[in-house]
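Heavy atoms only: backbone and side chains are in, while hydrogens, waters and symmetry mates are out. Residue numbering restarts at 1 for every chain, and letters A, B, ... go by the order of the sequence lines. Being a predicted model, the structure only gives us computed values, none of them experimental.
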Amino acid sequence: MTAKPASLISSSLTTKALDPSRRGSKFQQNIDKTHSVGAIYSFVGLVRSIGQQGQPIDVLELEHYPGMTETKLRQIAGYAAQNWQLIGIDVCHRIGPMCPGDVIVHVIVGASHRQKAYEACGYVVEQLKSEIPLWKKEIGNAGASWVTP
Amino acid sequence: MTAKPASLISSSLTTKALDPSRRGSKFQQNIDKTHSVGAIYSFVGLVRSIGQQGQPIDVLELEHYPGMTETKLRQIAGYAAQNWQLIGIDVCHRIGPMCPGDVIVHVIVGASHRQKAYEACGYVVEQLKSEIPLWKKEIGNAGASWVTP
Amino acid sequence: MLVHLLYFGALRETLGVEQEDIVIPANSKLTDLLALLCDRGGIWETLQDPNRGLRAAIDQEFAELDDVLKDGCEVALFPPVTGG
Amino acid sequence: MLVHLLYFGALRETLGVEQEDIVIPANSKLTDLLALLCDRGGIWETLQDPNRGLRAAIDQEFAELDDVLKDGCEVALFPPVTGG
């Protein structure tokens, strides 16, 4: 008998470009060493070229609350891992200025079966929208405006 | 005024190894040329090393109904694209023999907003389980046995 | 009329047949075809075992027992699918 | 007692302040702190505008109006979050 291995849980912030392909590939390698993972769901959030008021966007700036943002990300990833018995979860959110087409956030969850992975991924994405101290500002020819929920 | 572009819809079967990273990266490039995609959800189904009766698995063999399988995949992808106004969808299912850790199926959907992409991705994955003429056979030391739903 | 039959998965293995052409009365329904096959006796009787959860397709669309067959159609019989 | 205040997002821009330390009566609640800030008048009165949907955190956990502040705590005030 070996003990059930703990989930691989990681969450982070970055100011650099996010590469979902590279992250996804690493994630799969890291969590599926014993081939117990049956399902991986992932979410990629992208900067759109059209803003909330229909205006063209050149830059999206993401302001955050240093310290609290990291803590909340960790809490959400940890809760999801425990609640849905995930084998692994990786959440990375970009902050600072970015351009249309850039990846804002990447969530990956792996579980033995698809239903758990699906629910966990949806949960984390919804929490990112409502429970992480992040604020989006859209900047374009028409000026700058803060996004409202 | 330009006409609303049609969704990019693709579905396929393959006997070769599936690489979700490469497919995901190509998908994002192809569908987000105008930066209108806000959300990409994806699902990767993997072969597990433990079978339905808890037995160790060496090979998973996927039998299919040639012709009907391709048609049903195309119908499901097309329905999802239309029903959730997807900007793009790509479904690729592997058939034939494969090993634990191998990717069985890869689903990627892109939409303007996350809720549509989430629902569409979950729908397609559920349909793959129940509406595509595919049959899994698990082969290991203990012999071979067909998977039941 | 002539019907082209295909068998898949565990059913193909159990019956030991991959495909065959058979002649059946005109206007037969899927259920009539199954009754004919069951009449072969032995292992073929499992085709009407409700616990087996048999599924069928006519010309590559999922079909019901009451669906009517056409001359030259392709009928596939198989267990519940397990893809994804 | 001393409280360290932080402002974020549109609120930070509107008020023109990123952070400040202020002294408030012992056992003050979050709502008391907001009332004190509103008393500054002008733009500060928007802090109690219910349409603004103000949110707050005490020591980096989301907080409610009735939550009691402690000496030396960190209080952040900000508009509804828009991450993800």
Side-chain angles (χ1 to χ4, degrees), chain B residues 11-14 18 43-48 51-53 60-77 91-96 98 103-107 121-139 143-149, chain C residues 2-22 29-31 33-34 37 42-84:
Chain B
S11 62
S12 53
L13 290 179
T14 183
L18 272 167
F43 172 77
V44 174
L46 295 160
V47 181
R48 301 175 70 218
Q52 203 168 29
Q53 269 83 42
L60 182 80
E61 173 103 33
L62 245 154
E63 180 170 333
H64 79 297
Y65 181 173
M68 181 171 171
T69 312
E70 293 89 329
T71 303
K72 297 307 282 182
L73 273 182
R74 198 166 49 240
Q75 286 172 355
I76 291 167
V91 183
C92 188
H93 210 297
R94 190 165 165 188
I95 51 173
M98 54 199 99
V103 174
I104 309 174
V105 61
H106 189 205
V107 177
C121 197
Y123 168 83
V124 170
V125 172
E126 291 311 308
Q127 293 294 106
L128 292 177
K129 294 271 167 190
S130 63
E131 300 301 324
I132 310 272
L134 290 164
W135 301 273
K136 284 182 184 141
K137 188 183 201 173
E138 296 172 339
I139 302 159
S145 60
W146 292 94
V147 172
T148 54
Chain C
L2 189 79
V3 165
H4 185 59
L5 269 168
L6 300 171
Y7 304 94
F8 290 103
L11 187 67
R12 173 182 56 71
E13 279 193 353
T14 304
L15 300 178
V17 187
E18 266 187 42
Q19 49 182 297
E20 60 176 318
D21 288 329
I22 66 167
K29 292 180 175 178
L30 180 57
T31 186
L33 170 64
L34 292 180
L37 294 171
I43 196 71
W44 290 90
E45 289 170 10
T46 60
L47 281 176
Q48 285 186 328
D49 178 353
N51 296 323
R52 289 279 182 135
L54 181 78
R55 287 189 80 177
I58 300 172
D59 287 335
Q60 309 200 350
E61 286 290 339
F62 288 113
E64 303 297 328
L65 288 174
D66 278 344
D67 289 348
V68 177
L69 307 177
K70 289 184 209 153
D71 186 33
C73 72
E74 177 176 292
V75 176
L77 302 176
F78 44 82
V81 303
T82 54

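What you find for Lys72(B) and Phe62(C) is that their closest heavy atoms are CE-CE1, 3.7 Å. Heavy-atom minimum distance, Val147(B) versus Thr82(C): O-CG2, 3.4 Å. Taking all atoms of both residues into account, the shortest heavy-atom contact from Trp135(B) to Pro79(C) is NE1-O, 3.0 Å. When all heavy atoms of Val81(C) and Pro149(B) are compared, the closest pair comes out as O-CG, 4.0 Å.
Only the side chain of Trp146(B) comes within contact range of chain C, with at least one heavy atom under 4.5 Å from a heavy atom of that chain. Looking at Ile132(B), only its backbone comes within 4.5 Å of chain C, counting heavy atoms on both sides. Contacts of Ser130(B) with chain C are made by backbone atoms alone, with heavy-atom separations under 4.5 Å and no side-chain atom involved. Only the side chain of Gln75(B) has a heavy atom closer than 4.5 Å to any heavy atom of chain C.
The CD atom of Glu74(C) sits 3.5 Å away from the OH atom of Tyr65(B) when rounded to the nearest 0.5 Å. Separating the OG1 atom in Thr148(B) from the CZ atom in Arg52(C) is a distance of 12.0 Å, to the nearest 0.5 Å.
Listed for the Lys137(B) side chain is no donor-acceptor partner under 3.5 Å among the backbone atoms of Ala10(C).
Counting heavy-atom neighbours within 6.0 Å of Lys29(C) NZ, excluding the residue itself, gives a total of 12 or less.
Taking 4.5 Å as the limit, every side-chain heavy atom of Met68(B) sits out of range of all side-chain heavy atoms of Glu61(C).
A search for side chain to side chain donor-acceptor pair (under 3.5 Å) contacts involving Arg12(C) returns Glu63(B), not counting sequence neighbours.
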